[in-house]
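Residue numbering restarts at 1 for every chain, and letters A, B, ... go by the order of the sequence lines.
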Amino acid sequence: MTVDSATSTAPRQGFRIDFHIWGPVVALLALIALGAFLNSNFLSYGNVTNVLARSAFIGIIAVGMTFVITSGGLDLSVGSMAAFIAGVMIMIMNGLVPSMGVGWGVILVGMLVAIVVGFAAGLVNGLLITQARIEAFIVTLGTMGIFRSLITWLANGGTLSLDYGVREVYRPVYYDGLLGVAWPIIVFAAVAILGEIIMRKTPFGRHCAAIGSNEQVALYSAVHVNRVRLMTYILLGILVGIATIMYVPRLGSASSSTGVLWELEAIAAVIIGGTVLKGGFGRVWGTVVGVLILSLIGNILNLANLVSPYLNGAIQGVIIILAVVLQRQKKMER
Amino acid sequence: MTVDSATSTAPRQGFRIDFHIWGPVVALLALIALGAFLNSNFLSYGNVTNVLARSAFIGIIAVGMTFVITSGGLDLSVGSMAAFIAGVMIMIMNGLVPSMGVGWGVILVGMLVAIVVGFAAGLVNGLLITQARIEAFIVTLGTMGIFRSLITWLANGGTLSLDYGVREVYRPVYYDGLLGVAWPIIVFAAVAILGEIIMRKTPFGRHCAAIGSNEQVALYSAVHVNRVRLMTYILLGILVGIATIMYVPRLGSASSSTGVLWELEAIAAVIIGGTVLKGGFGRVWGTVVGVLILSLIGNILNLANLVSPYLNGAIQGVIIILAVVLQRQKKMER
Amino acid sequence: MSALPDKPAALEVKDVRRSFGPVEVLHGVDLALHSGEVHALIGENGAGKSTIMKIMAGYLTPTSGEVLLNGKPVTFASSEEAENKGVILIHQEFNLAEQLTVEENIFLGRELKRGFFLDKKAMRAEAARLLNELETRVSPDARVSDISVSDKQMVEIAKALSRNARVLIMDEPTAVLTTREAEVLFRQIERLKAKGTAILYTSHKLDEVARIADRITVFRDGSRVVVANTGEMTEDQMAQAMVGRELSNLFPPKVIPANAETVLSVKDFSVGSIVTNASFDLKRGEILGFAGLVGAGRTELMEGLIGVRQSAGQVEINGNPVSISTVSDARRAGVVYLTEDRKGRGLLLRKSMRENLTLLALNRFGRLAIDSKGEDKALGKAISEFDIRAPNRAVLVGNLSGGNQQKLLLAKTMLAEPEIVIIDEPTRGIDIGTKQQIYNFIQNLAASGKSIIMISSEMAEVIGLSHRVVVMRSGRVTGVLSGDEINEDLIVRHAMGLEGKVAA
Amino acid sequence: AQDTKVIGVSIPAATHGWAGGMNFHAQQTIKALEERYENLDFVLSTASDPGQQVSDIEDMMATRNIDALVVLPFESEPLTGPVQRVKEAGKFVTVVDRGLSQENIEDLYVAGDNTAFGRVSGEFFKQQMPNGGKIVVLRGIPTTIDNERVEAFQQAIEGSGIEIIDMEHGNWNRDDAFEVMQDFLSKHAEINAVWASDDDMAVGVLEAINQANRQDQMWVLGGAGMKEMIKRVMDGDKIIPADVTYPPAMIGTAIELTALRFTSSMPMSGRFIISSELITKDNAEKFYYPDSPF
Ligand SMILES: Nc1ncnc2c1ncn2[C@@H]1O[C@H](COP(=O)(O)OP(=O)(O)OP(=O)(O)O)[C@@H](O)[C@H]1O
Ligand SMILES: Nc1ncnc2c1ncn2[C@@H]1O[C@H](COP(=O)(O)OP(=O)(O)OP(=O)(O)O)[C@@H](O)[C@H]1O
Ligand SMILES: [Mg+2]
Ligand SMILES: [Mg+2]
């Protein structure tokens, strides 16, 4: 697969639309058109806000995942990690209420905890992968089980709920916004823009792509392969923490079913966006488009009336495949 | 990742145990020792039969997955595919009972159906990957949703059950055996041995590794890249069919929860066994060891009383990581 | 020989054009190969040699024009079809699956079978026989990723020989071979020629061409400029036809610095089990050649020095002990290394020239954000300074011609502005015109006070350029030559270990 | 001493709220009983799919020498055979909640009543909306249980003029329910009530309604008796007028009854069906256990 696409990106080939680049965008536009056609409320402020805000969690995580995948890695643990972080955050905030009282103080501590725990979780993944040199798939499959178990255990099998008072103070972080734009959307946009800049404009982004392309070449070119790789996992961990900060005020709870399959969704978004699964090439804006495509599919399925809701998954599957058909790899030039 | 491991297999380096090769075996032996230590019944005929027989489903699938991964592919759809095949098989067998009566005739038709549907499902995956040239991750993520949806729809959200009479006739296929060895074990062993032979002794196996190692080189060396790749998916589909043939008599039913996460388990087994996730190198015997390791972890967790069953997943995760630590990639010899 | 038989050419192309995107790189070329002849194709880097060879062997289709096999027009749908008709190409770039063994690579796509199964015994025996014939000692069971560059080339050759060619096309087969290995190859070529095989062959080593070719075709900028029988052209004339100007004095005059201080001092340096107790000094403004047979451990020594291999020993730079454990430590200490393995360790083939050029020296283009304007400027400078010929700036490096990749690699290394440059095989695959430019460049670099270590398997290069020469054998330094001692005889004697005993 | 009896307990893992509560009660009961009776040992295993549950039961038989099995089948069909084999081996079998697909295998059957759950819910809707109205329904994970509940619900509201204008799976999950409800609210200008059919889903549904500021336009009926919901019923919250029980504690009852078989001379057998009850403001106190995790 890597071979074919190599010959295909010869630029300035004429005025045809380069589907390899614009495929995801075309797919997204098609979905939007479909949604608008199926339901007149689709483009309403309310629905657009809903879709964008709920994309934020996966979106923030997927931006981090883009870096991990670009540098040739993978992280299956993010969904469980989010659940675990949410659990720890809620427990600590609840624990602090008696001493600190209800207010932003507690919430800020909670946010800090989320980021620190995310950092630590990413560090653990990253160290196991770079220092113990275990295949990323296995490490993160393992930590996925571990985080999931820990949250189940912390919640005693049930649900951890945030203290009611704190919740009321914290709620606006999900539901309110600035100038009519909800906070999760703002944060997602900020993360995405920053991610895009880091990927394209900084040595770090360049190094990620170099490592994913050819680790040896990177090594011989004075790239700190292990350090950069470790940093991608830490970055992802921190972003999972940020995603969790936006998630907790939404329902104010965490349980063993929080974040299930987020990892798959995040990875799918990254790849739909055009990042190469085997590493070497990544684009954050593509990931954002991928996330929106996935969210829209769910939204459209809910807005439209299908023969049977049992078939939602099938339609979802078909659309995912179709979305990528557009940017499929060209046949090798001969 | 591939780079490091490449330099490490310099052959005949002395008399040290080469953990890169024997790591999984050592991990398996350690688990067996642990099991025997925890419970005296662990090595009993009954328990050994149970563990081996229940490994058979994932095992048979994982053997096929080894070929797919070795040639640089991936298949996330196998779990859903198994559920779908089981559903179709049961519906057809139930449908035939009125006309054909209860007996081996119906069951043989059912088996044939399983293999044909498996073949077709693999063909669909393979064609989308090789002909439409869509990333394997996306294709099989899509078909995973599609198969899962279809079984849910076929079962009307509930469970499809095999006709009671047929079930009674069919049951021995899982529960009986030959000379005290249960049929699933025999079939698994046969598939594994055949797989190992195909991987090591036939051009097909070699071509898989070549394609996974460098597609262009394979193409230039007159390897029919697309055909071989397509065949790996078809082979996997057929093996999923065979696994389903062994699975249906065990539970006699299929539902939307059948085969959930089998794909992850199969892929994990393949990688624990030492096959390289990015392709180029695969070993079937390693996969068998990987499958046994995963089954044993579950079995051992049932042997002992843990602090909390909520922590099962954590222990599982730790053991999976530990099992692979042994064969971790050496640092480049410098 | 020059009286060509009436028999149609074994393989011929007529008026072939080929474009990549909007750029045409072959402008209607003709070329005929006859059975039993060795035909050399020469030309500058990027002249289109590899492209025409790929077209002849079915790897690329011509945009227009025809290919004739034994006088009959053919269109090869794939390289496999060409191969089935006896047309085999040995690629300029390695075409081996790294994770597979030597034997697996040799027989890839053509496995010998017994019934359904692989006949491993027969394949191993045959592989061993082929390698033996090529006097290559690598084991058929070795993984390709573990063997040296020149061994890989021999494996490629063995792979081609196993295919029973009627037309054998070789794209710079000797670029990574030493003289001795090249001799082995030439003997094989003679043998095949006697059997009636038609051989097309490129090389930038013109002495080789003069020696073994029967006829010569010269390409310039995608067109054929000369066809001649070998006797009709001198090496100088060949060079002139290629480059379009006269080439005098390949090597610039040596300017040996007097009483320069030592900038690098290496003592008792060992790398793994490959290099043992190597010691040498490098002076400011000096070009220090490293000679030795393949496998002498020169590459490993340098890789140890720059921290990509584990090493032990003392290294002093400007009199201060340094400890270098990563490439960026080395860069910070002013030492950079240009690898001999362009494809595996040098360049990202699927990235553009710009990203490749600045990767090593990225810290010079802004810590926080990359200054892409600066990068573009640097690329412009590199393109003109190193005469890199690319269809456009955005081309993927993997699509550059081999020689131009090498130039880019050189530019990349120099961009780090090192005080000490270690160059491993600097002119591998580079045309004679550019070689001269590179030699001048190296000489100027030294003259400006930088210090250079040059590993080369081309004796002429070592002799013509080096101020002093370190000779290695089996991981040990066997001699350091200077002045008049720098001659082929002494170097070879040290490299073979004949002189070492005396010196010790 | 007396010889020790081993009771195996096999239940689905805590993958959603109700199952979590059930896991909690199972562990609590086991802890209490182990303290109370020296000669009783328990083996608890939780499964994440039917296949694993069968494996767990096989393991209990092969390696733990259980004398009795308490099983809450993940699904009825696949567990029927394996549980039957346990019975045939002469063990005491208690089946909880989900009946096996063949009768008379188990010695003891303790269960909720999914049909009643749907019916009670439906009847409440009928009573609340005598003149009919438009409702949306959130369904659970596609399973037989969910089918039984929804069918009973639909039967109960038949002919009442209540129209189900939309129905979608929220998978007994708060997040999924939240998103589905958000979309229902975008799609339908008029919704008079929501059958969330589960208290976890009700949590998500309520958030979505709050966000859309349509609290005054509809009310929500959950189910299963989560303490937070019961509290709101008790407090007379308009939007949560009632709840319907489906107590996860039934597993505890089942384990205790099974234990009695070995600790007393009582002949234990029979069927205990714990019907679903409607919780309203009037009787909510009775169902409120603030210490339970669910
Ligand atoms: N796939 C491709 N896409 C775009 N340009 C290409 C491609 N392959 C070759 N070219 C261009 O065609 C020209 C001729 O390249 P070719 O490899 O034939 O040169 P060459 O004569 O073999 O040079 P060298 O001596 O350096 O190997 C070069 O400018 C090269 O960049
Ligand atoms: N990755 C590796 N693993 C094991 N052995 C290696 C590896 N790379 C090189 N070697 C061995 O180390 C020795 C020296 O290698 P190398 O051929 O690079 O030496 P050199 O003097 O640089 O020769 P050259 O002229 O080919 O550059 C050889 O015996 C070679 O086979
Ligand atoms: Mg070339
Ligand atoms: Mg070398």
Side-chain angles (χ1 to χ4, degrees), chain A residues 1-16 18 20-21 70-72 193-194 196-228 275-276 278-282 329-334, chain C residues 20-23 54-55 58-61 76-79 303 306-308 326-332 336-339 341-352 355-356 358-363 365-372 375 391-399 412-413 416:
Chain A
M1 64 186 356
T2 48
V3 177
D4 297 5
S5 56
T7 43
S8 67
T9 31
R12 288 169 218 132
Q13 282 223 342
F15 295 94
R16 292 172 297 132
D18 190 338
H20 195 69
I21 295 182
T70 299
S71 59
I193 291 168
L194 234 80
E196 177 72 16
I197 291 174
I198 292 177
M199 183 64 94
R200 293 168 70 116
K201 304 264 179 203
T202 68
F204 176 71
R206 200 55 84 73
H207 287 168
C208 287
I211 293 172
S213 270
N214 187 332
E215 191 176 322
Q216 286 279 5
V217 172
L219 189 73
Y220 276 74
S221 304
V223 175
H224 296 280
V225 173
N226 276 346
R227 194 194 298 167
V228 170
T275 296
V276 177
K278 299 198 176 183
F281 175 76
Q329 288 129 3
K330 278 193 223 143
K331 213 167 173 151
M332 199 188 301
E333 210 178 325
R334 21 181 347 264
Chain C
F20 292 105
V23 186
K54 285 183 192 157
I55 288 173
Y59 289 88
L60 285 173
T61 48
F76 297 128
S78 66
S79 57
E303 287 181 342
I306 58 150
V308 292
T326 65
V327 180
S328 73
D329 288 349
R331 190 189 57 193
R332 218 169 298 130
V336 298
Y337 169 73
L338 185 148
T339 172
D341 185 0
R342 183 164 74 212
K343 210 174 168 184
R345 294 171 179 174
L347 296 170
L348 300 172
L349 299 179
R350 308 191 49 229
K351 297 278 171 200
S352 69
E355 278 164 276
N356 271 286
T358 56
L359 189 59
L360 176 61
L362 203 55
N363 56 339
F365 294 87
R367 273 249 157 255
L368 265 179
I370 298 172
D371 168 18
S372 47
E375 278 190 293
N392 61 58
R393 283 192 167 204
V395 68
L396 297 182
V397 165
N399 290 340
K412 167 185 168 181
T413 312

Which heavy-atom pair separates [X] from [Y] by the least distance, and what is that distance?
X        : Y        : value
A/Val217 : C/Gly344 : CG2-O, 3.5 Å
C/Leu359 : A/Val223 : CD1-CG2, 4.2 Å
A/Pro203 : C/Gly366 : CG-O, 3.8 Å
C/Arg345 : A/Tyr220 : NH1-OH, 3.3 Å

Can you tell me which portion of [X] sits under 4.5 Å from chain A's heavy atoms? Options are side chain, backbone, both or neither.
X        : value
C/Lys343 : backbone
C/Ile55  : neither
C/Ser352 : neither
C/Leu368 : backbone

Under the salt bridge (charged side-chain N to carboxylate O under 4.0 Å, His left out) rule, what pairs show up with a residue in residues 216-228 of chain A, not counting sequence neighbours?
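Non-adjacent pairs meeting salt bridge (charged side-chain N to carboxylate O under 4.0 Å, His left out): zero.
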
Are A/Ser221 and C/Lys412 close enough that some pair of their side-chain heavy atoms sits under 4.5 Å apart?
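In contact.
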
Is the shortest heavy-atom distance from the side chain of A/Leu219 to the side chain of C/Val308 under 4.5 Å?
yes

Please evaluate residues A/Arg206 and C/Glu375 with respect to the criterion salt bridge (charged side-chain N to carboxylate O under 4.0 Å, His left out), reporting the C-alpha separation (whole Å), side-chain torsions for both, the decisive distance (0.1 Å), and the verdict.
CA-CA 13 Å; A/Arg206 200 55 84 73; C/Glu375 278 190 293; 2.7 Å; yes

Below 4.5 Å, heavy-atom pairs only: which of C/Thr339, C/Leu347, C/Thr326 has the largest tally toward chain A?
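Of C/Thr339, C/Leu347, C/Thr326, C/Leu347 has the most heavy-atom pairs under 4.5 Å with chain A.
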
Measure the spacing between OG of C/Ser372 and CZ of A/Arg200 and express it to the nearest 0.5 Å.
9.5 Å

Between C/Leu362 and A/His207, is the side chain to side chain contact (heavy atoms under 4.5 Å, CB included) condition met? List the steps.
CA-CA 9 Å; C/Leu362 203 55; A/His207 287 168; 3.6 Å; yes

